[in-house]
Amino acid sequence: MTTIPDHAEADLPAQYDPAATEAAIYARWEQAGCFTADASRSMRVGGDRHPYGILMPPPNVTAILHVGHGLNSAVQDVLIRWARMKGMEALWVPGTDHAGIATQNVVEKQLAAEGLTRDDLGRELFVDRTKEFVEKTGGVILQQLRSIGASADWTRAAYTFSPELSVAVREAFVRLYEKKLIYRGHRVIHWCPRCLTSLSDEEAEPQETTGALYHIAYAVEGDSSRSITVATTRPETMFGDVAVAVNPADERYQDLVGKHVILPLLDLAIPVVADDYADPAFGTGVVKITPAHDANDFEVGRRHGLPTPVVIDMHGVMNEVADARGRVPQALRGVDRFEARTQTVAMLDAAGRLGKKETHQHNVRHCYRCDTVVEPRLSDQWFVRMAPLAAPALDAVRTGRVRLLPEKWVGVYEHWMTNIRDWNISRQIWWGHRVPIWYCKACDAPDNVIASREDITTCPHCGGDVVQDTDVLDTWFSSGLWPMSTLGWPNENATDLKAFYPTDVLVTAPEILFFWVARMIVFGYEFMGDAPFHSVYLHGTARDTQGRKMSKSLGNGIDPMDVVHLYGADALRYTLIAGMGLGADVFLDPDDLDKSFATGRNFATKLWNIGRFLLKNVGDASVRPFEDLRPDELGRSDAWILARLDAAIRECDRAVGPIRPAHGTWPDEERAAGLRLNEFAETARRFVWNELADWYLEASKGRLLTPGADAEVARSVLVHVFDQALRLLHPIVPFVTEALWQRLPGHVDGTFLATSSWPAARGGGDTGADFEVIKEIVEAMRRVRSEYAIAPGKTVDAFAMTSASVRTMLEGESALVSRLARTQLAFVDAVPSGAAANIVLSGGTQLIVPLAGLIDVTKECERLRTELANLEKQLVALETRLGNPGFIDRAPANIVEAERAKREEWTTRAGLLRARVEGLCGKA
RNA sequence: GGGCGAAUAGCUCAGCUGGUUAGAGCGCCUGUCUUACACACAGGAUGUCGGGGGUUCGAAUCCCUCUUCGCCCACCA
């Protein structure tokens, strides 16, 4: 570990070495408690500061950091560091998710490697083993987050399966149950035959699949000459058929309604029912009804009072599971569903019942955790009644209590919320919060189902034995409570809860808008009576150069830790933040990290070198306090850089945006304001690099080398401006800025940039216009030098023809012009004769550069003529506009005024240019 | 099938409620080891703002339409 001297000598390496500094800096931040929020300082509990809270989307406890986490955390860290510097009591709650199915799958894989299954261990041992695994290797990601600089409050790290959070889960479940918002339902749900659990609608992901549509002929009972044909993609489910349905309006089949058809292979008579569900336009217009294996068929079956034979078991294997005696042919029993499909088709073919087979594009749902094809299955599950809960959550977004950014997600959210379906929250796995429901074996009254906040062993009604429901809850049920449970809910008097709920911004990926975000809002209203946050920042995805999502399976991912080791956390953060528009994807090349992260790495190095320059040229002798400088002491470049700093501060503030809605709800004009972190990064970069480094530093070199009062002013301004720049950049690149800030002259031991204040614009004062003129001359002269390929070492003479005031000013800065553009500036009252380049600057100043021996007159004339032609073309367009009566009448006065002023300037410029062309090249 | 969004420089994107000669980063070209930085400095080139139509004094910006991509939702067996 390297220690950081407070006032380092100037012999720092030319290249920033993040590895040597980052870990040490982070350790010092953490030791000093920089990131630990003090709830008592929140205004909500009588403190002196506005609270500002962010809740980390808890990564899976088994996860290791990938670039998506990096991106997500970088955004949050920029915001929380910014809020902290803004003087708010900033709390970023980190934590992990026990991730039910995902974690269970990992442990099952380990067991499989040992030749074991979870059943070999039994429930209790399996849960113990998983717990042990999680304790030992879980939470690695939280450590990794430190190395990318995440300034979370680790003293409050939470875990969705901790004892505290388990209390919250039970409380929420029981309350909802008591309000009859949780109920047990017997219906067809999505079942993963590999994970052996049910899934919510959101967890069963549709994938576009090319399948086959098989036509099967069902003979009409009592009329062997007639048959009707059904079309199905899953022929193996035919053994569970209890009817065929036709549309009541479909004339083709009207006479068959009420009659029976013979189910092939089984010779079973099943009724023909009329139901609107059958679409006359699809396939043959006849649909087979398999209530136990299709959610829609289940509804049809219910409407018509049909039985529900189950012919596929929990493993996705054909079997007579329930109400299905004699329905599965002997040959198919115990056969996997896909193999059974092939065999069924062959059997139908042999029986002469198979019609055509068409290829068919359709969506097949897959398990979001293991990608197995989901099987619709009839079973008993716990559901949350969503419609009443969704209403306030929908309203929150509509009224602006909660804003979603980018706003395109609002429509998606509203659509989902208005068509919301009940949420299946029970899972038939072992790793998770056990459903807090017990069944009494003995008594029936009032019913035998007991929901309890405490574990119970006996029935509160009859004292008999009870057994707990074996299901666990959907992992998203506990995540949905995250904003409350991490702050102490259900203890409504918990200080953190009072101090920080509701929080401010939630940063996450749009993929989990419904899984997580919507449910947090729902629970927030149900249990706390308010939304958990006022802004949702939905960021994009990390993609490779071909636009593919980075993923483990494709092997196109980038390990953020590699980037940290190679270029540092700041390089990673800056590259991600600067490259990511609001909601836009980030494109990186996993095969060329050097190129991908050059932006951030180069920027960190640039900052480092500005620091080196400062330390070398300013030294660590005491510096006049900036506040003591009088306006008349400031040089032209000082005034200019201070004005630019003010502008940069304002632009950064505007980019990050309003902290929170002023009155609880976002007004329309602020709904999309702020959180433009890429604009923030770009503005800060432009200021530091293109203004501070490229101009102010260059302008200060001469001054610093000449001891005296002006050098003291320059030292003071330079330190002040760099200090402010480091503050502006700290949220994005915390390490290098902290390392440099602590080396600034006057740094007080034990203080951190991380907990210092955000810059405020000073306002008023000199706008730095004088320096702009100098800048323009330097730029013009550099162009001339480049254009005419003048040797770099050679000094050029230039004559300026300008107003007396500008002339006086320029005379005072001739040394600067000389140094920056290697130009010897003199003044004339009239354009001298002879070959020369002539440049007209804004404000009418003319620069005449004699180029005897250097200039190619033909080329110069060519250039001037082109310039003149372009200008004249623009002027014509401008005249047309100004000559248009409609424009004068309708356009706002200030626009018209601006256009007139422009005409004036361009006309003058064109005149001068024309004269120059005539002088140099003769009449055209 | 329904809904939403996008199309601007070679690439990734800014361009806010219509109004300077449409911008940035990266890339590209030309010079330069100028005493903080070659991970740098200086200079430069590049766009019928997806096509067509309309509204307007004025359109990259608003409206319609077409084309092409993307996203979300959905029970079409």
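Throughout, protein chains are lettered first and strands after them, A, B, ... in sequence-line order, and every chain is numbered starting at 1. None of the values given here were measured: they were computed from a predicted structure.
- Within 4.0 Å of A:Arg365, counting heavy atoms only, lie sugar-phosphate atoms of the nucleic acid but no base atom.
- Each of A:Gly611 and A:Arg543 was matched to the nucleotide of RNA chain B holding its nearest heavy atom; the match closer to the 5' end belongs to A:Gly611.
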Run the side chain to side chain contact (heavy atoms under 4.5 Å, CB included) test on A:Lys408 and A:Val412 for me, step by step, so that the C-alpha distance in whole Å, both residues' side-chain angles and the decisive distance to 0.1 Å come before the verdict.
CA-CA 7 Å; A:Lys408 64 174 178 179; A:Val412 175; over 6 Å; no
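- Contact check, A:Trp689 against B:rC39: no side-chain N or O comes under 4.0 Å of OP1 or OP2.
- Comparing B:rA36 with B:rU30, their P atoms are spaced 28 Å from each other, to the whole Å.
- Atom CG in A:Asp589 sits about 21 Å away from atom P in B:rG25, given to the nearest Å.
- The two atoms that bring A:Glu899 and A:Leu882 nearest to each other are O-CD1, 3.9 Å, heavy atoms only.
- Between A:Tyr214 atom OH and B:rA77 atom C1' there is a gap of 15 Å when expressed in whole angstrom units.
- The main-chain N or O of A:Arg783 is never found under 3.5 Å from a side-chain atom of A:Ser786 such that the two would form a donor-acceptor pair.
- The side chain of A:Lys288 contributes no N or O atom lying less than 4.0 Å from OP1 or OP2 of B:rA77.
- Look at the C1' atom in both B:rG23 and B:rU35: the space between them is 35 Å, to the nearest Å.
- Atom pair A:Ile790:CD1 and B:rG31:C1' shows a separation of 13 Å (rounding to whole Å applied).
- Side-chain N or O atoms of A:Glu872 include none that pairs as donor or acceptor with a backbone N or O of A:Ala869 at under 3.5 Å.
- Proximity of A:Asn609 to the phosphate of B:rA40: no side-chain N or O atom is located under 4.0 Å from OP1 or OP2.
- Atom CD1 of A:Ile270 is separated from atom CG of A:Leu263 by 5.0 Å, given to the nearest 0.5 angstrom.
- Residues forming a side chain to side chain donor-acceptor pair (under 3.5 Å) with A:Tyr218 (at least two apart in sequence, or on another chain): A:Asp241.
- For CZ of A:Arg654, the number of neighbouring non-hydrogen atoms (other residues, nucleotides, ligands) closer than 6.0 Å is 12 at most.
- Of the P atoms belonging to B:rA9 and B:rA22, the separation is 14 Å, rounded to the nearest Å.
- In terms of the side chain to side chain donor-acceptor pair (under 3.5 Å) criterion, residue partners of A:Tyr16 (sequence neighbours excluded) are, by chain and number, A:Thr21.
- Interface residues of residues 690-699 of chain A facing RNA chain B, ordered by number: A:Ala693, A:Asp694, A:Leu697, A:Glu698; criterion, heavy-atom separation under 4.0 Å.
- For A:Phe282, whose side chain is taken as the heavy atoms from C-beta onward, the closest listed nucleotide among B:rA40, B:rA36, B:rA77 is B:rA77.
- In the set B:rA36, B:rG25, B:rC57, B:rC57 carries the atom at the smallest distance from any side-chain atom of A:Asn884.
- Within a heavy-atom distance below 4.0 Å of RNA chain B, no residue of residues 569-579 of chain A is found.
- Within the 3.5 Å criterion, the main-chain N or O of A:Gln207 finds a donor-acceptor partner in the side chain of A:Thr209.
- Residue A:Arg685 has no polar side-chain atom (N or O) positioned under 4.0 Å from OP1 or OP2 of B:rA24.
- Contact annotation: A:Lys616 side-chain N/O to B:rU35 OP1/OP2 distance is not under 4.0 Å.
- Residue A:Arg782 contributes atom CZ, which lies 5 Å from atom P of B:rG43 at whole-angstrom precision.
- Taking side-chain N and O atoms only, A:Arg421 has no distance below 4.0 Å to OP1 or OP2 of B:rC73.
- Of the side-chain N and O atoms in A:His415, none sit less than 4.0 angstrom from OP1 or OP2 of B:rA74.
- Among the duplex regions that RNA chain B forms, those built from at least three successive Watson-Crick or G-U pairs under 3.5 Å are B:1-7 with B:67-73, B:10-13 with B:23-26, B:28-32 with B:40-44, B:50-54 with B:62-66, ordered by first number.
- Under the side-chain contact (heavy atoms from CB on, under 4.5 Å) rule, A:Thr290 has a single partner from A:Val242, A:Val188, A:Asp297, which is A:Asp297.
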Going 5' to 3' along nucleotides 15-20 of chain B, which nucleotides have protein heavy atoms under 4.0 Å from the base (write B), which only from the sugar-phosphate (write S), and which from neither (write -)?
-B--BS
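- Atom pair A:Glu236:CD and B:rA77:C1' shows a separation of 13 Å (rounding to whole Å applied).
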Report the C-alpha separation of A:Ile839 and A:Ile777 in whole Å, then their side-chain angles, then the decisive distance to 0.1 Å, and conclude whether the side chain to side chain contact (heavy atoms under 4.5 Å, CB included) test is met.
CA-CA 9 Å; A:Ile839 300 117; A:Ile777 287 173; over 6 Å; no
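- When rounded to the nearest whole Å, the span between CG of A:Leu820 and C1' of B:rA42 equals 12 Å.
- A gap of 22 Å separates the P atoms of B:rG10 and B:rA6, to the nearest Å.
- Nucleotides of RNA chain B nearest to A:Thr233 and A:Ala14 differ in position, and the one nearer the 5' end is that of A:Ala14.
- Taking 4.0 angstrom as the limit, A:Lys595 places none of its side-chain polar atoms (N or O) nearer than this to OP1 or OP2 of B:rC39.
- For A:Tyr696 and A:Phe722, the ring centers sit 6.0 Å or farther from each other.
- When every heavy atom of A:Thr908 is checked against every heavy atom of A:Glu904, the shortest pair comes out as OG1-O, 2.8 Å.
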